[in-house]
Amino acid sequence: MAGIDIPRETWATRTGFILAAVGSAVGLGNIWRFPFQVGQEGGAAFLLIYLLFIALIGFPAMLVEFVVGRHTERNPVGALKAIAGGAWSYVGWIFIATGFVILSYYSVVAGWTIRYTILGLQDGYLADAGEAEGQFVELASGLDAIFFHALFMAVVIVIVAFGIQRGIELAVKVMVPAIIVITVGMAIYAFTLEGASEAYSYYLSPEWGVIAAEWQSIFPAAAGQAFFTLSLGMGVMITYASYLGEDRNLAEDGAIVIGFDTAIAFITGLIVFPILFTAGVDPADPGAGAIFVSLAAAFGDLALGWIIGAIFFGTVAIAALSSAISLMEVVVSYVVDERNVDRKVAAFGIGIALFLLGLPSAYDLVLLDLFDLFADQILLVLGGLLLMILVSWSLSELAVDELSRGIGDLGSLGPAWIWAVRIPVVVVLIVALVLGILDYYEFLTGPFAEWVGGQ
Ligand code: TRP
């Protein structure tokens, strides 16, 4: 039964909503994934394609999630039931499942960031890359990993249990400004390093030849990253927009959120690359644990690296936290709206289930990959694709109407938006899905089969 008679909470302020959406978007995707994708996919050339995808694919797709959330004022399952009904409600189910799986291992990785913050403060980082790798393997799986996964999950539970205004909104009002101030401060610090100028030219001057030679891997990677970093494809933005009480300009809000997310990812590159170049680490060679190996080793090499590293990993932990609460809120809002469960009970129960589901990822890195690839390259893309098809092809009038609330007549921008979703967004997602399935098959028959054989 839908709890229609219970008044639904709303954000207290416009800033609260924007900060929550920024907090969701800015996370491990910006700090952990982005710089190393730039490194792997050929530097500045990748950066350009990525920015293009953010504007052409990410922005229209984010507005789709916003209008669905604000129009229905419901969790993703309830929202799809309300606007489409029938089999489309299953898409909402895909969202819930995706959130569940992503958060289970996201919490394990976030646990590592807490562990690495403490590591810097307690012992400092190992400068030798080989030793750093050994240390990562030791800390990333097993009891350490399980303990910090549990700790992180507990904090997420508490924040979400307090609800929208007193939980999420309050938390992001502290966390998001802190993330911004610290990343800018660290970029200024990185500017003073010896390797800075070499790093900037690597990061900022594209070699056009790279795009021509490697577009097959650059394009899907950039598209996938654009979706992941903006928290699209599993109803986070539907859920957050469903708590908007009043009409306002969603296009403007979306642009602000995207601007902050892109700025933080970009600035992270200005931190990470000077540090790597100064320590003489090749950015194209991230290794298994990315920031936990090559970057940690670089901190081991720097003067005062222990404290700078601890600040860095601490900031990553905060960024991960403000993203994790959005993933949890998708699942919790479903249980609260559709099943009339008390929010605190829901947060606690779901948190325990997530802790258990994360145990395999904390037990072995191959199992973490098994969850990550499945959720990120298949579930996320599939759910996002179905939602984009539904809204742009069969609900376009409703969508344009809803977007114009708070803006006024959209004129030809309305159809331009719908067509941007109908063709470019849908095509990019279909290609990403096919490539993702192929990649997953390769993983299952390769590394995973090997791992199973070794057990
Ligand atoms: N955007 C976050 C990041 O960059 C991760 C994230 C949070 C996410 N919620 C999401 C990704 C929903 C996909 C879907 O780390």
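Order of appearance sets the numbers: ligands from 1, and atoms from 1 within every ligand. The shown structure was predicted, so the numbers you read here are calculated from the model rather than taken from an experiment. Keep in mind that the numbers below use all heavy atoms, side chains included, and drop hydrogens, waters and symmetry copies.
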May I ask you to check if ligand 1 and Ser323 share an N or O to N or O distance below 3.5 Å? no

dist Leu354:CG -> Leu359:CG (nearest 0.5 Å) comes out at 11.0 Å

Among Glu9, Glu329, Glu73, Gln165, exactly one meets side-chain hydrogen bond (donor to acceptor under 3.5 Å, both in side chains) together with Tyr243. Which residue is that? Glu329

among protein heavy atoms, the one nearest atom 11 (C) of ligand 1 is Phe228 O, 3.2 Å

Trp32 vs Thr113, test: side-chain contact (heavy atoms from CB on, under 4.5 Å). Steps then yes/no. CA-CA 10 Å; Trp32 173 54; Thr113 65; over 6 Å; no

Starting from atom 2 (C) of ligand 1, what is the nearest protein heavy atom, named by residue and atom, and what distance separates them? Ser24 O, 3.2 Å

Both conditions, 6.0 Å and 45 degrees, for the charged tip of Arg115 above the ring of Trp112: are they met here? no

Tell me the protein heavy atom at minimum distance from atom 14 (C) of ligand 1, and give that distance in Å. Met234 CG, 3.3 Å

Crowded around Phe260 CZ? As in, over 12 foreign heavy atoms under 6.0 Å? no

With heavy-atom distances below 4.0 Å as the criterion, list the atoms of ligand 1 near Asn30. 4 (O)

Do any nitrogen or oxygen atoms of Ile102 come within less than 3.5 Å of a nitrogen or oxygen of ligand 1? no

Close-contact set for ligand 1 against Val236 heavy atoms, below 4.0 Å: 9 (N), 12 (C)

Which atoms of ligand 1 sit under 4.0 Å from any heavy atom of Leu380? 13 (C), 14 (C)

Answer with yes or no whether Val330 contacts ligand 1, where contact means a heavy atom under 4.0 Å from a ligand atom. no

Hey, looking at atom 8 (C) of ligand 1, which of Gly233, Ala25, Ser231, Gly29 has the closest heavy atom? Ser231

For Tyr334, does the six-membered ring have the charged nitrogen or CZ of Arg339 within the cation-pi criterion, i.e. under 6.0 angstrom from the centroid and within 45° of the normal? no

Tell me, please: is Trp32 in heavy-atom contact with ligand 1, that is, under 4.0 Å? no

Pick from Phe191, Tyr202, Phe34: which one makes a ring pair (Phe, Tyr, Trp, His ring centres under 6.0 Å) with Phe273? Tyr202

